[in-house]
Amino acid sequence: MNGGEQVVNVIGLGYIGLPTALMLASHGIEVTGTDCNEELVGTLKAGKTTFKEKGLEELFADAVKAGIRFTTEIETADTYIVSVQTPYDKFSKKVDPAAVVSAVRDVLKAAPEGATVVIEATISPGTIDRSVRPVPKEAGREDIRRVHAPERIIPGNMVYELLHNNRTIGADDRAVGERVKELYASFCEGEIVVTDIRTAEMTKVVENTFRAVNIAFANELAKICRHEGMDVYEIIRICNMHPRVNILQPGPGVGGHCISVDPWFLVGDYPSLAKVIDEAMKTNDGMPDFVLNRIHEIMKENGLTDVGRVGLYGLTYKENVDDMRESPPLQLLASQERHLAAPLLTYDPYITEDIVPNQVHDLDAFLDACDMVVVMVKHDEIRENAEKLRGKVVLDCHNILDLPGVYHI
Ligand code: SAJ
């Protein structure tokens, strides 16, 4: 039997919890998925997925066939996987572990003796010691085992990455860590490293911080090159031919719930030590405003005066997903609103509901209404429709279009 015959309850069925629950179930593990959001549970029970992701529908069908159940209740299980949200306080930049703590409290009411609680949610280093460890202690449940197994999957390629990425399991007790490793090994073909909890917490945040700092470096280079009238993409391309250089790409900002958030945990906890990280995060956070300035400059250069005929192509935080968390286009629109300016037109093939004012739901109608188009996201659809942009003033924030006269950040 795989997974050591463990019965699993996954708590929090969002971007991470849902695919994880489905993956376990479709690999022969008995799984219940729990979420406090009744509407979300209702949708899953009705046989529908709650967000778009490559391969998710098929995985969902397999898991349903294998008998996965969805409920708003926490159930009796050997292992609980907690994948609830961990927002950070925008002012103090510290992680807010309230949802994790509350989930662990609820788990204690249903957990049999010796059950294991695996925290998958991203937390700042030390959160388990500070906020999670005291919960079973205060409840007189020191039999409960704690594990941190931070997720590593990337939206847009989650199903593949769940199967193939290496993973980290942090546990107080090696044997417990090995048992959780066995559970994840039921589907994970990558290497699974067992370490202690604090190390696992730190590695997760460091991985995302590494990427954030690298993107900030690329964004800073873009600004330097703009000042010098040089092509940042060509410079990065040539630099990356060096065997030990790997610079990421500049862009209109950093979105998502990870790279734009996790590094702030280190700044919040170590404000006098995390200097490079602090500056990098400020650089990335400043990019939507930088793009707004570029729009203004380019409008002036082309004699365009009507903001109502400038459109943002793409609203999501990254390409080919429907996820808008911390999305740079939304940050840009918020900044524009703060300047009391009329909102720009917007269009995104992945966003069918009305999210912002002046949103157009048809590409041709959007392009007809625009004199200037700003490419905010690297959706494949934009590359495929490149010809339709010919003749317009275009600011391509991702360097994906091969058209004459295109502007860059
Ligand atoms: N971005 C750039 N330039 C680049 C790459 C990305 O500006 O060269 C921007 C993207 O447009 C996007 C943001 O950064 O707005 C983040 O996108 P991403 O694709 O780099 O990463 P996420 O946030 O979708 O997922 C990350 C991944 N972490 C790492 O690659 C270290 C993923 O593996 C993690 O599981 C995820 O964070 C998480 O949940 O922590």
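In listed order, ligands and their atoms are each counted from 1. Model, not experiment: these values are computed from the prediction.
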CG-CD distance between Asp348 and Gln359, expressed to the nearest 0.5 angstrom: 8.0 Å
Ile215, portion touching ligand 1 at heavy-atom distance under 4.0 Å: side chain
Salt-bridge criterion met for Asp278 and Lys275 (N-O under 4.0 Å): no
Heavy-atom nearest neighbour in the protein, as seen from atom 39 (O) of ligand 1, with distance rounded to 0.1 Å: Glu151 OE2, 2.4 Å
Proximal ligand 1 atoms for Glu207, defined as those under 4.0 Å from one of its heavy atoms: 31 (C)
Nearest non-hydrogen protein atom, atom 19 (O) of ligand 1: Lys318 NZ, 2.8 Å
Residue and atom name of the nearest protein heavy atom (relative to atom 28 (N) of ligand 1), distance in Å to one decimal: Asn208 OD1, 2.8 Å
Distance filter under 4.0 Å to Gly255 heavy atoms, resulting ligand 1 atoms: 12 (C), 13 (C), 15 (O), 16 (C)
Heavy-atom nearest neighbour in the protein, as seen from atom 3 (N) of ligand 1, with distance rounded to 0.1 Å: Gln249 O, 2.8 Å
Ligand 1 to Arg152 polar contact by distance, N or O atoms, under 3.5 Å: yes
Lys/Arg cation over aromatic Phe290: Lys223, 6.0 Å, 45° cone: yes
Sub-4.0 Å heavy-atom approach of Gly256 to ligand 1: no
Whether over 12 other heavy atoms sit under 6.0 Å from Phe210 CZ: no
Nearest atoms (heavy-atom pairs only) where Arg325 meets Asp323: NH2-OD2, 2.9 Å
Identity and separation of the nearest protein heavy atom to atom 23 (O) of ligand 1: Tyr317 OH, 3.7 Å
More than 12 heavy atoms of other groups within 6.0 Å of Asp402 CG: no
Heavy-atom gap Lys204 to ligand 1 smaller than 4.0 Å: yes
Contact check, Thr122 vs ligand 1, heavy-atom distance below 4.0 Å: no
Polar contact flag, side-chain donor to acceptor under 3.5 angstrom, Tyr15-Glu53: no
Closest protein heavy atom (residue, atom, distance) for atom 21 (O) of ligand 1: Ile259 CD1, 3.4 Å
SB check Glu151 Lys204 (cutoff 4.0 Å): yes
Taking atom 5 (C) of ligand 1 as the reference point, the nearest protein heavy atom with its distance: Arg211 NH2, 3.6 Å
Main-chain N/O of Leu403 paired to Arg390 side chain as donor or acceptor, under 3.5 Å: no
Check: Glu326/Ser260 side-chain N/O donor and acceptor closer than 3.5 Å: no
Protein heavy-atom partner closest to atom 36 (C) of ligand 1 - residue, atom, separation in Å: Cys258 SG, 3.4 Å
